[in-house]
Amino acid sequence: MQTVDFRYFPLQPGDRVLDLGCGEGRHVIAAYAAAPVQAVGVDLSHRDLCTAQARAVDFLQPGESGKQLHLTQASALCLPFPDASFDKVICSEVLEHIPDYRAALVEIRRVLKPGGLLCVSVPRRWPERLCWLLSKRYHQTPGGHLRIFRADALRAEIEHGGFIGFHRHGAHALHAPYWWLRCLFWREGEQQWLVRQYHRLLVWDLLQAPRLTRTLERWLNPVLGKSVVLYFRAEAGQ
């Protein structure tokens, strides 16, 4: 399930792309598959990195010039890379998990080249607030969400750190009801009947991409999208 829209985050041959908080690899693998770039995924979880490595096997193209994929275990607060070493940075569904997310933004700005692109996504405020109201365990689970962002305030904060925002959109509208159901039936878990049926719908939509659900989600994303996606350009000379 890809959140970044590469129409607004174009990859150029030779780019170094960092997926910060890459998890199980959805965006770092997508970037590697999309263009001849050096894609680097960073995450704290060794287990998630192992899953990402396993998933990447089917996409690896060792004979194609310019394509590289690397996975590294590291903290977002202390990245093991030199200043201005990346052309693009993706930080998708990560900042809500980090206690000192402002320090992570400082590190992102440090490793991103002047003029480089940043894509940040976080849960949209009102669908996320409903999840919190339906289940305390949703956000109190270890590793869960620590805060609910206001998208406008987050954009202003990132811009204050040396970025220029240039685009915004919603994503994954069809996933918002799934998480409301998960929260409503938290004790029963994923095996609760309604949750299980809705999950089957999402898997079918992901694999088949039927026109009906793709069009419906596109219409709903501006208001119901589970995620809000923000795009920035690093100011030159910062």
Minimum heavy-atom separation for [X] and [Y], please, with both atom names.
X: V28; Y: G41; answer: CG2-N, 3.6 Å
X: P114; Y: A84; answer: CD-CB, 4.4 Å
X: Q2; Y: A30; answer: OE1-CB, 3.3 Å
X: P99; Y: L146; answer: N-CD1, 3.5 Å
X: N221; Y: A171; answer: OD1-C, 3.3 Å
X: S227; Y: E93; answer: OG-OE2, 3.0 Å

Output all residues satisfying side-chain hydrogen bond (donor to acceptor under 3.5 Å, both in side chains) with W132, sequence neighbours left out; order by chain, then residue number.
-> E128

side-chain hydrogen bond (donor to acceptor under 3.5 Å, both in side chains) with Q38: which residues, sequence neighbours excluded?
-> R16

To the nearest 0.5 Å, tell me how far [X] [atom1] sits from [Y] [atom2].
X: L49; Y: T72; atom1: CG; atom2: OG1; value: 8.0 Å
X: L112; Y: E107; atom1: CG; atom2: CD; value: 12.0 Å
X: C183; Y: L133; atom1: SG; atom2: CG; value: 10.0 Å
X: Y138; Y: C131; atom1: OH; atom2: SG; value: 4.5 Å
X: L201; Y: R196; atom1: CG; atom2: CZ; value: 14.0 Å
X: S45; Y: Q73; atom1: OG; atom2: CD; value: 7.5 Å

Do [X] and [Y] have side chains that approach each other closer than 4.5 Å (heavy atoms only, starting at C-beta)?
X: D19; Y: V17; result: no
X: R55; Y: I29; result: yes
X: S92; Y: V122; result: no
X: L174; Y: H172; result: no
X: H175; Y: L202; result: yes
X: F149; Y: R147; result: yes
X: P123; Y: I148; result: no
X: C119; Y: V229; result: yes

With hydrophobic residues grouped by side-chain heavy-atom distances under 4.5 Å, do [X] and [Y] end up in a single group?
X: L184; Y: W193; value: yes
X: I158; Y: I164; value: no
X: V120; Y: V4; value: no
X: V94; Y: L79; value: yes
X: Y178; Y: V223; value: yes

Taking [X] for the side chain and [Y] for the main chain, is one N or O donor matched with an acceptor at less than 3.5 Å?
X: D15; Y: Q12; value: yes
X: R155; Y: R150; value: no
X: T51; Y: R47; value: yes
X: W180; Y: P127; value: yes
X: K67; Y: Y32; value: yes
X: D43; Y: G23; value: yes
X: T141; Y: G144; value: no
X: T215; Y: L212; value: no
X: Q192; Y: L194; value: yes

Does atom [atom1] of [X] have more than 12 heavy-atom neighbours from other groups under 6.0 Å away?
X: R168; atom1: CZ; result: yes
X: F59; atom1: CZ; result: no
X: H97; atom1: NE2; result: yes

For residues 205-235, pull every pair meeting ring pair (Phe, Tyr, Trp, His ring centres under 6.0 Å), keeping only residues two or more places apart or in separate chains.
-> Y8-Y231, H167-Y231, H169-Y231

Pairing of [X] and [Y] as salt bridge, 4.0 angstrom limit:
X: K113; Y: D83; result: no
X: D5; Y: R7; result: yes
X: E190; Y: R182; result: yes
X: D205; Y: R214; result: yes

Start with the C-alpha distance between D48 and H46, add both sets of side-chain angles, then the distance that settles side-chain contact (heavy atoms from CB on, under 4.5 Å), and finish with yes or no.
-> CA-CA 5 Å; D48 285 352; H46 182 261; over 6 Å; no

Apply side-chain contact (heavy atoms from CB on, under 4.5 Å) to the pair T213 and W204, showing each step before the final yes or no.
-> CA-CA 10 Å; T213 54; W204 172 76; 3.9 Å; yes

Step by step, work out the side-chain contact (heavy atoms from CB on, under 4.5 Å) result for I108 and L20.
-> CA-CA 9 Å; I108 289 172; L20 180 58; 3.6 Å; yes

Side-chain H-bond candidate by donor/acceptor type, H70 with Q68, under 3.5 Å | yes

Assess the side chains of T3 and S121: does a donor N or O sit below 3.5 Å from an acceptor N or O?
-> no

Cation-pi between R233 and F163: NZ/CZ under 6.0 Å from ring centre and within 45° of the ring axis?
-> no

Is the Lys NZ or Arg CZ of R124 less than 6.0 Å from the centre of W126's six-membered ring, within 45° of the axis?
-> no

Are F86 and F81 an aromatic pair by the rule of ring centers under 6.0 Å?
-> yes

Between C22 and V42, does a side-chain contact (heavy atoms from CB on, under 4.5 Å) hold up when you go through it step by step?
-> CA-CA 6 Å; C22 67; V42 168; 5.7 Å; no

